Amino acid sequence: MTFAIEARGLVKSFPGMEHPALDHVSLSVPEGGMLAITGPSGSGKSTALYAMAGLIGLEAGSVSVQGKTPRGRADWARLRARKIGLVFQDDWLLPTLSAVQNVEMPMIGVERSASARIARAQAALAEVGLSAHAERNPAGLSGGERQRVAIARALANRPAILLADEPTGELDTANSTRVVELLKGLNAAGTTVVIVTHDPDVAAQCGREVHIVDGKLEEMA
Ligand SMILES: Nc1ncnc2c1ncn2[C@@H]1O[C@H](COP(=O)(O)OP(=O)(O)OP(=O)(O)O)[C@@H](O)[C@H]1O
Ligand SMILES: [Mg+2]
């Protein structure tokens, strides 16, 4: 079986910590799966997600994406651009760019045609229900709308895998439900989805939940 993501024995320490941020974490996510990562603040959830995207150096362990193990930063960058969509814990939209320009960003370097990029960015904004706000800057959007723009940006290159770090963390119940429905819809259409969340209701809607405490991962029943 080919996994969307297969992490084996990940170890990552930061200076001054009593225990590693990731302490021999192994985790396999099947193609088309929807996984929630839960755990207390500071337990290693974001670090685990970043490791799965090849964004941090590890002391030990390896990560494969669709059966391939990228070697080095350039290899990871190429693979990430085409296969992995990332939604960060804060939306990290560029404040001087409109929503549609923010969504276009990950396509620069992947899609040469500017008109194709814009068309795809508009389509991604439509997927998250924000076509009407395409020309607005982030400051003119609500928190829920900004998070949906960040999701559209993650979808820009039609990734097989979506990694979302607390995508509902700052949202009220109505907006949180909307974002979760969106992610479930993407998963139903074939995208592998990994969500870091504090919210038990969000975790309960994923097919599987793993819990991280002090950098150690445990499977939830
Ligand atoms: N760049 C860094 N330098 C030093 N320590 C770090 C760094 N990144 C993370 N840490 C530490 O590693 C541990 C795990 O951090 P991580 O961000 O993965 O937690 P988290 O589970 O995502 O927490 P939260 O729910 O608050 O987002 C924490 O103790 C954190 O302080
Ligand atoms: Mg975090």
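Just follow the structure's listing: the first ligand is 1, and inside any ligand the first atom is 1. Everything numeric in this text was worked out from a predicted model, so none of it was measured.
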Angular separation of Gln89 OE1 and Ser46 OG about the Mg ion (ligand 2), given to 10°: 80°

Close-contact set for ligand 1 against His198 heavy atoms, below 4.0 Å: 25 (O)

For atom 25 (O) of ligand 1, closest protein heavy-atom neighbour: Lys45 NZ, 2.7 Å

Basic-acidic side-chain contact under 4.0 Å: Glu181, Lys184: yes

Over 12 non-hydrogen atoms of neighbours within 6.0 angstrom of NE2 in His24: no

Atom 30 (C) of ligand 1 within contact range, any protein heavy atom under 4.0 Å: no

Result of checking Arg78, Arg158, Lys68, Gln66 against Lys83 for side-chain contact (heavy atoms from CB on, under 4.5 Å): Gln66

Glu59 side chain to Ser13 backbone, donor-acceptor under 3.5 Å: yes

Sub-4.0 Å heavy-atom approach of Gly39 to ligand 1: no

Short side-chain donor-acceptor distance under 3.5 Å, Asp165 and Ser46: yes

Exercise: do Ser26 and Arg8 side chains pair donor with acceptor under 3.5 Å: no

Closest protein heavy atom to atom 17 (O) of ligand 1, given as residue, atom name and distance to 0.1 Å: Ser46 CB, 3.6 Å

Note: Glu219-Arg208 ion pair, threshold 4.0 Å (strictly below): yes

Heavy-atom nearest neighbour in the protein, as seen from atom 9 (C) of ligand 1, with distance rounded to 0.1 Å: Phe14 CE1, 3.3 Å

Top protein contact for atom 26 (O) of ligand 1, by heavy-atom distance: Ser41 OG, 2.5 Å

Residue portion contacting ligand 1 (non-hydrogen atoms closer than 4.0 Å) for Pro40: backbone

Minimum heavy-atom distance Ala4-Ile161, with the two atoms named: O-CD1, 3.5 Å

Minimum-distance protein heavy atom relative to atom 27 (O) of ligand 1: Gln89 NE2, 2.8 Å

For Met17, the ligand 1 atoms whose distance to one of its heavy atoms is below 4.0 Å: 11 (C), 12 (O), 13 (C), 29 (O)

Numbered atoms and elements of ligand 1 in range of Ala21, under 4.0 angstrom, heavy atoms: 12 (O)

Nearest neighbour in protein (non-hydrogen) for atom 23 (O) of ligand 1: Gly42 N, 2.8 Å

Option from Val87, Leu49, Val29 for which side-chain contact (heavy atoms from CB on, under 4.5 Å) with Leu163 holds: Leu49

Ligand-residue contact atoms, ligand 1 with Thr47, heavy atoms, under 4.0 Å: 14 (C), 15 (O), 16 (P), 18 (O)

